[in-house]
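Structure first, commentary second.
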Amino acid sequence: MTYQPKSDFLRVMSERGYMKDCTDLEHLDAAMQKGVVPAYIGFDCTAPSLHVGSLVQIMMLRWLQKTGHKPVVLMGGGTTKIGDPSGKDTQRQMLDAAGIEANKQGIFSVFDTYMTFGDGATDAVMMDNADWLDTLNYISFLRDYGPHFTINRMLTFDSVKLRLDREQPLTFLEFNYMLLQAYDFLELNRRIGCQLQLGGSDQWGNIINGIELGRRVDGADLFGITTPLITKSDGSKMGKSADGAIWLNADMRSPYEFWQFWRNTSDADVGRFLKLFTELPVEECERLGALEGQEINDAKKTLATEVTTLCHGAEAAAQAEEAARITFEQGALSEDLPTVSLTAAEIGEGISIGALFVRAGLSASGKDAKRLIAEGGARLDDVAVDGPGVMLTVDDLATPRKLSAGKKRHALAKVL
């Protein structure tokens with residue numbers, strides 16, 4: 001019989017579909033019933049925001065706090081200087097210290113909306129592995145911890161094996177990443193008693209390394225949980241749309257666009273996404289996910305509003321929903337739509353409609369805009385665009401003009 005967790009956190013993880021693998025479920029369950037268990041997830045500072053591909057891990061930390069445990073958000077100020085080879089074919093672009101710090105601050109703003117930070121027993125804390133990795137003595141580190149890793153085993157981990165199988169180069173710098181991530185777990189256990197690491201399924205090998213290092217060096221009792229790879233029903237990865245990543249920071253992806261991303265969820269994904277990305281009761285998620293016809297569209301609006309509320313707040317979610325209602329149900333213009341503002345100098349004697357669609361983020365390139373227009377999917381104020389060379393002047397954009405790519409993606413264009 002499959003073991004059924006008794007602790008609140010692990011029951012939530014199991015019931016809502018967050019958990020793929022756990023290193024020692026029964027012992028972890030016992031520890032979580034006894035008292036507060038600090039748990040961490042690491043996030044490298046490679047961009048000024050996380051996107052929805054990281055939202056499962058963020059929600060796990062939120063549930064951890066809601067069920068009486070302590071979330072630890074580990075910023076990879078040190079490991080970002082190296083780069084995790086997991087799932088990559090090329091070495092990560094190197095960032096300088098200023099770029100890493102700026103990205104770190106942008107990422108923190110996301111977590112600040114999902115959990116409570118402070119000094120209490122279950123308050124979240126943010127730490128940076130640069131605090132210990134930047135001061136490591138390389139020779140001492142290799143002498144003390146290198147003997148606990150074998151090249152034979154490291155070559156079997158997916159982060160290494162898949163890169164080599166595809167005959168893509170893996171630098172010695174990247175090869176060190178898994179040692180440093182394992183050392184992070186050891187340091188967090190020593191500093192704040194962290195017992196659990198959470199991560200995506202591609203991090204299983206790295207998590208196991210940390211657990212074994214803690215056991216061998218300090219006799220620590222550590223655990224790991226991984227999440228399944230979250231894909232859409234069509235098999236595509238979460239986190240991307242036709243015009244790029246769905247960022248969690250409002251200055252990189254507006255609440256309206258964020259709301260629209262979730263509103264456009266496929267029927268088959270609604271129930272599963274409600275369980276993963278909202279806090280609605282499981283029974284309600286299943287009920288909404290089983291609806292059909294017009295009712296499933298209402299369920300998608302519920303999904304979009306609930307997720308946007310968690311990420312951007314109730315007011316932004318309500319404004320996004322109202323903007324969508326005005327735009328789609330009344331055919332009117334809403335000032336809450338994403339807006340591209342151009343100066344008169346930028347427009348000059350005129351700007352082509354194709355270039356305007358690119359500037360508004362409705363097309364990825366001029367070629368993409370031409371294809372959209374040729375297929376009849378581009379509209380200006382709800383009227384089909386004749387061709388990519390149609391020119392708009394400063395006078396044409398004196399009042400906001402509505403751009404539409406298909407039936408679901410809209411933006412406003414105006415002169416500053």
Side-chain angles (χ1 to χ4, degrees), residues 4-20 32 36-37 39-41 43 50-73 109-118 120 122-124 196 198-200 225 227-228 230 232 238-239 246-250 253 255 258-266 268-291 295-321:
Q4 298 297 319
K6 299 178 180 62
S7 61
D8 289 341
F9 176 70
L10 291 177
R11 281 194 296 103
V12 169
M13 293 298 98
S14 178
E15 291 173 358
R16 301 186 78 96
Y18 289 103
M19 188 159 54
K20 181 178 187 292
M32 301 196 97
V36 175
V37 172
Y40 90 98
I41 302 178
F43 297 89
L50 300 174
H51 59 66
V52 298
S54 298
L55 200 49
V56 165
Q57 281 77 40
I58 295 172
M59 287 297 295
M60 289 175 78
L61 289 177
R62 181 176 172 87
W63 278 112
L64 186 83
Q65 187 169 55
K66 284 173 68 72
T67 54
H69 301 283
K70 188 177 187 67
V72 181
V73 179
S109 67
V110 173
F111 288 99
D112 206 26
T113 66
Y114 279 90
M115 57 201 75
T116 301
F117 285 80
T122 62
D123 284 344
L196 173 62
L198 310 170
I225 292 176
T227 62
I230 306 299
K232 301 176 186 178
M238 282 289 292
I246 306 300
W247 300 104
L248 301 182
N249 287 31
R253 177 68 69 165
F258 188 78
W259 190 94
Q260 275 297 324
F261 170 79
W262 297 100
R263 168 62 182 84
N264 295 335
T265 296
S266 299
D269 291 327
V270 173
R272 183 165 57 101
F273 286 1
L274 281 164
K275 290 180 185 177
L276 291 170
F277 302 113
T278 81
E279 294 176 339
L280 293 177
V282 171
E283 297 77 12
E284 178 67 0
C285 295
E286 292 174 345
R287 184 190 72 79
L288 291 170
L291 297 175
E295 289 184 322
I296 193 67
N297 288 327
D298 292 336
K300 292 177 185 180
K301 293 176 186 177
T302 298
L303 169 66
T305 299
E306 291 288 330
V307 180
T308 306
T309 296
L310 286 175
C311 189
H312 296 295
E315 183 178 353
Q319 289 174 349
E321 184 173 12

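For the single chain, residues carry numbers from 1 onward in sequence order.
- S7 is linked by a side-chain contact (heavy atoms from CB on, under 4.5 Å) to L10, D29, M32, Q33, counting only residues two or more places apart in sequence or in another chain.
- Checked by atom type and distance alone, the side chain of K70 never pairs as donor or acceptor with a backbone atom of V37 at under 3.5 Å.
- Side-chain contact check for R272 versus D269: some heavy-atom pair is nearer than 4.5 Å.
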task: Take L198 and Q57, measure what side chain to side chain contact (heavy atoms under 4.5 Å, CB included) needs, and give me the verdict at the end.
output: CA-CA 7 Å; L198 310 170; Q57 281 77 40; 5.8 Å; no
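- Side chain of K66 to main chain of M115: no donor-acceptor pair is present (N/O by atom type, distance under 3.5 Å, no hydrogens or angles).
- Remark: L310 CG to L248 CG distance equals 11.5 Å, nearest 0.5 Å.
- Distance alone, capped at 3.5 Å, places no donor-acceptor pair between the E306 side chain and the L274 backbone.
- A salt bridge links K275 with E286; the closest basic N to acidic carboxylate O contact falls under 4.0 Å.
- The shortest distance between side-chain heavy atoms of T302 and L280 falls below 4.5 Å.
- A side-chain hydrogen bond (donor to acceptor under 3.5 Å, both in side chains) with W259 is found for exactly one of T308, N264, T305, namely T305.
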message: Between V110 and N249, does the side chain to side chain contact (heavy atoms under 4.5 Å, CB included) criterion hold? Intermediate values first, please.
response: CA-CA 7 Å; V110 173; N249 287 31; 2.7 Å; yes
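- Inter-residue side-chain proximity for K6 and R11 is flagged as unmet; no heavy-atom pair is nearer than 4.5 Å.
- The shortest distance between side-chain heavy atoms of L196 and H69 does not fall below 4.5 Å.
- Using a 30° and 60° split on the angle between ring planes, W262 and F277 fall in the tilted class, from 30° to 60°.
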message: With side chain to side chain contact (heavy atoms under 4.5 Å, CB included) as the criterion, how do I225 and Y18 come out once you've worked through the C-alpha distance, each side chain's angles and the decisive distance to 0.1 Å?
response: CA-CA 9 Å; I225 292 176; Y18 289 103; over 6 Å; no
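- In this structure, the side chains of W63 and D8 stay at 4.5 Å or more apart for every pair of heavy atoms.
- The ring pair (Phe, Tyr, Trp, His ring centres under 6.0 Å) search around Y114 returns none, not counting sequence neighbours.
- Side-chain atoms of L61 and F111, non-hydrogen and from C-beta on, do get closer than 4.5 Å to each other.
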